[in-house]
Amino acid sequence: MSFLEKLRSRFDSRFGAVDTTSAAAEASPDTDFENPYGDPSAATPEAKASVVPAGDRANNFPPCRPCIHHAIAVDIPREHRPVMRRCYIHWYFHSFCYVWNLIALCGALAIRESGALGGFFGALIWLLLAPFISFFVYLAFYTGVRTESPFYYYIWFAAFGCLTVSNFWNFLGFESYGSAGFASMIKAFQDGSVAIGLLMFFATTLWACDTLMGLYLLIMGYRTYGAVRRTSGSGTTDATRSFNETSAPSAIVVEPSFSVNGDAPSPAPKSNWGANFDAMKSALGTKISENKEAISGFVTKVVRENKDTVAKVAVDNRDVIAKGVVQHSEAIYTNKAALDSVFNS
C-alpha cells in the first residue's frame, strides 16, 4: 500500500469515507450497523471496522489514550456530517495556530529579551490550555448534533462565540498578552527583524483565517440547529396530531333514564363521531316523530305533577318567557288548544 493510500485510509477511518453514491444513499436512508453508509460500495473496510454498535460506545479518542467515544460516521446523521467534519478539522487548525504562535514568540525572545519574555510565557500558557478548552467546546457541538439537544447547542454557541472573539484578539497581536499577530508583526518590522516579522506575518494570517473559519462555523452551526429544531418540531406536531386522532371519541352513547312508554329504557343506537352525525340526527328525528304523542303525554304529566314549581320558575323567568313567546308566537298559536288543556286541567 502506497503512502497516499495509507493516508486516505487513515483519513477515512477518522472522518468516515466519502459517500460517492449519495443518490443511492438518499433512496435508502434507513441504514443498519453493518452498512451505515446506505450502500455497501460506499464504505471502505477500514471505515466498516471502525463502526461500533450503538449500545457499545467504546472509547476510541484520542488514539494515544482513549477516554471518549468519537465517531462522526456513526454518531452523526448523514446530512450533518460535513459541518461536523469541518468543526473537527477547525479544532486541529486552531491548535496549530497556538503552536505557531509559540514558535513566533520564541523567535522574538531569541532576538530581543526586553518585553518578549512575558509574551513567551503567555503563549506557552495559551498552548497548554486552549487546545483542550476548544476541544470541549467542539465536543458540546458534537453531543448536541448527536442527541439533538438544544442545551448543548446553547453551550456551543456561547463558548464558540467567545473562542472566535479570542481568535480576533490574537489576530490583533498584543505581544505582552502572548499573541503573535498584527501589532507584533508591525513592531518586528520596525525593529528591523525581517525574519521575526515574517514569522509574525504568518501567525497573523493564521489568526485571520481562524477567525473567519469561526464565523463561518457559527453560521453553519446555527443552520444545523435550525434544521434539527424544525425536524423535532414537525415530529412533535405529528405525534400530537396522532394522539388527538387516536384519543378522540369513536362513538356516542345516549342512555335515557326514562322511557316515554313507561317501559324499561332501551339503549340508544351508537354512531361514529362526525362520520354518521347526519344519519344519527335523521334517526333521532324519526324516533321523535314516531313517539310524538307519548312524549307529549309525558311532558303533560310532568307539568301537572309539578304545577307549583313550573309556576314559580315561570314567574322568576317571565322576561325570558315573554321574549320567547314573542319569537315563537306562531307556534304557540298553532298549539293553543294543547297548551290550554295542560294548564287548565
Side-chain angles (χ1 to χ4, degrees), residues 14 61-68 70 83-144 152 154-191 193-221:
R14 177 62 58 191
F61 188 87
C64 58
R65 188 178 178 84
C67 57
I68 63 170
H70 180 265
V83 64
M84 187 58 61
R85 290 177 181 133
R86 294 186 186 107
C87 286
Y88 185 58
I89 295 173
H90 172 262
W91 173 70
Y92 277 109
F93 180 78
H94 183 70
S95 302
F96 175 75
C97 287
Y98 282 104
V99 173
W100 190 265
N101 183 72
L102 181 63
I103 293 174
L105 290 178
C106 281
L109 180 62
I111 297 298
R112 62 179 190 276
E113 295 183 359
S114 60
L117 186 60
F120 170 77
F121 281 109
L124 183 61
I125 293 174
W126 276 112
L127 179 61
L128 294 177
L129 296 179
F132 295 98
I133 296 175
S134 60
F135 181 77
F136 282 108
V137 172
Y138 158 77
L139 201 60
F141 185 58
Y142 182 91
T143 307
Y152 290 100
Y154 298 152
I155 293 178
W156 180 79
F157 284 131
F160 196 77
C162 295
L163 193 66
T164 305
V165 172
S166 72
N167 293 338
F168 181 73
W169 176 264
N170 290 325
F171 164 76
L172 296 179
F174 298 102
E175 187 175 329
S176 58
Y177 291 96
S179 300
F182 185 77
S184 302
M185 177 189 68
I186 297 299
K187 184 178 180 180
F189 281 120
Q190 288 177 349
D191 293 341
S193 303
V194 179
I196 302 302
L198 292 177
L199 289 177
M200 298 291 185
F201 172 76
F202 189 64
T204 303
T205 305
L206 290 177
W207 288 124
C209 295
D210 197 7
T211 303
L212 293 177
M213 289 175 64
L215 294 175
Y216 169 76
L217 290 176
L218 276 174
I219 296 174
M220 296 302 296

Enquirer: How long is the straight-line distance from OH of Tyr88 back to OH of Tyr142, given to the nearest 0.5 Å?
Expert: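 OH of Tyr88 is found 10.0 Å from OH of Tyr142.
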Enquirer: Does a side chain donor of either Thr211 or Asn167 reach within less than 3.5 Å of an acceptor in the other side chain?
Expert: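 Note: Thr211 and Asn167 side chains miss the donor-acceptor criterion.
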Enquirer: Tabulate below the donor-acceptor pairs under 3.5 Å that side-chain atoms of residues 156-166 make, not counting sequence neighbours, or state none.
Expert:
| residue | atom | partner | partner atom | Å |
| --- | --- | --- | --- | --- |
| Thr164 | OG1 | Phe160 | O | 2.9 |
| Ser166 | OG | Leu163 | O | 2.6 |

Enquirer: Quick check for you: to the nearest 0.5 Å, what is the distance between Phe93 atom CZ and Leu206 atom CG?
Expert: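 Result: 5.0 Å between the selected atoms.
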Enquirer: Say you draw a straight line from CG of Leu215 to CZ of Phe168; how long is it, rounded to the nearest 0.5 Å?
Expert: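 If we round to the nearest 0.5 Å, Leu215:CG and Phe168:CZ are 10.0 Å apart.
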Enquirer: Considering residues at least two apart in sequence or located in another chain, which fulfil the side-chain hydrogen bond (donor to acceptor under 3.5 Å, both in side chains) criterion with Tyr154?
Expert: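 Applying side-chain hydrogen bond (donor to acceptor under 3.5 Å, both in side chains) to Tyr154 gives Tyr225.
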Enquirer: Please report the interatomic distance CE(Met84) to CG(Leu217), rounded to the nearest 0.5 Å.
Expert: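 It comes to 10.0 Å.
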Enquirer: When rounded to the nearest 0.5 angstrom, what is the spacing between CZ in Phe174 and NZ in Lys187?
Expert: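 With rounding to 0.5 Å, CZ (Phe174) is 12.0 Å from NZ (Lys187).
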Enquirer: When you measure from the side chain of Trp126 to the backbone of Tyr177, do you find a donor-acceptor pair of N or O atoms at a distance under 3.5 Å?
Expert: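 Here the side-chain-to-backbone pair exists.
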Enquirer: For Gly178, is there any backbone N or O sitting under 3.5 Å from a side-chain donor or acceptor partner on Asn101?
Expert: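 The answer is yes, because a donor-acceptor pair under 3.5 Å joins these two groups.
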Enquirer: Using the rule given for side-chain contact (heavy atoms from CB on, under 4.5 Å), can you reason through Tyr216 versus His90, listing the C-alpha separation, both sets of side-chain angles and the distance that settles it, and then say yes or no?
Expert: CA-CA 11 Å; Tyr216 169 76; His90 172 262; over 6 Å; no
Enquirer: Can you find a pair of side-chain heavy atoms, one from Trp207 and one from Tyr98, that are under 4.5 Å apart?
Expert: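 Yes, close enough: below the 4.5 Å cut-off.
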Enquirer: Quick one: does Ser184's side chain have a donor or acceptor within less than 3.5 Å of a partner on Gly173's backbone?
Expert: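 Yes, the answer is positive, given that a donor and an acceptor are paired below the 3.5 Å cut-off.
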Enquirer: If every non-hydrogen atom of Leu102 is compared with every non-hydrogen atom of Leu127, which pair is closest and at what distance?
Expert: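 Smallest interatomic distance, heavy atoms only, reads CD2-CD2, 3.5 Å.
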Enquirer: Taking all atoms of both residues into account, what is the closest heavy-atom pair of Met200 and Ala104, and its distance?
Expert: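 Scanning both residues, the minimum pair turns out to be CE-O, 3.8 Å.
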Enquirer: Sort and list the pairs that fulfil side-chain hydrogen bond (donor to acceptor under 3.5 Å, both in side chains) and have at least one residue in residues 130-141, not counting sequence neighbours.
Expert: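 Of all non-adjacent pairs touching residues 130-141, those that pass side-chain hydrogen bond (donor to acceptor under 3.5 Å, both in side chains) are His70-Tyr138, Trp91-Ser134.
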Enquirer: When rounded to the nearest 0.5 angstrom, what is the spacing between CD1 in Ile186 and CG in Asp191?
Expert: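 Going from CD1 on Ile186 over to CG on Asp191, the span is 11.5 Å.
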Enquirer: Looking at every heavy atom in both Gly119 and Leu105, which two are closest together, and how far apart are they?
Expert: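 The answer is O-CD1, 3.2 Å.
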Enquirer: Identify the heavy atoms of Pro63 and Pro66 that sit nearest to each other, and give their distance.
Expert: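 It is O-CD, 3.8 Å.
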Enquirer: What heavy-atom pair brings Ala140 and Ile155 nearest, and what distance separates the two atoms?
Expert: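 Scanning both residues, the minimum pair turns out to be CB-CG2, 4.2 Å.
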Enquirer: Is it the case that more than 12 heavy atoms not belonging to Phe135 sit under 6.0 Å from its CZ atom?
Expert: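 Yes - once you tally the heavy atoms of other residues, nucleotides and ligands closer than 6.0 Å, there are more than 12.
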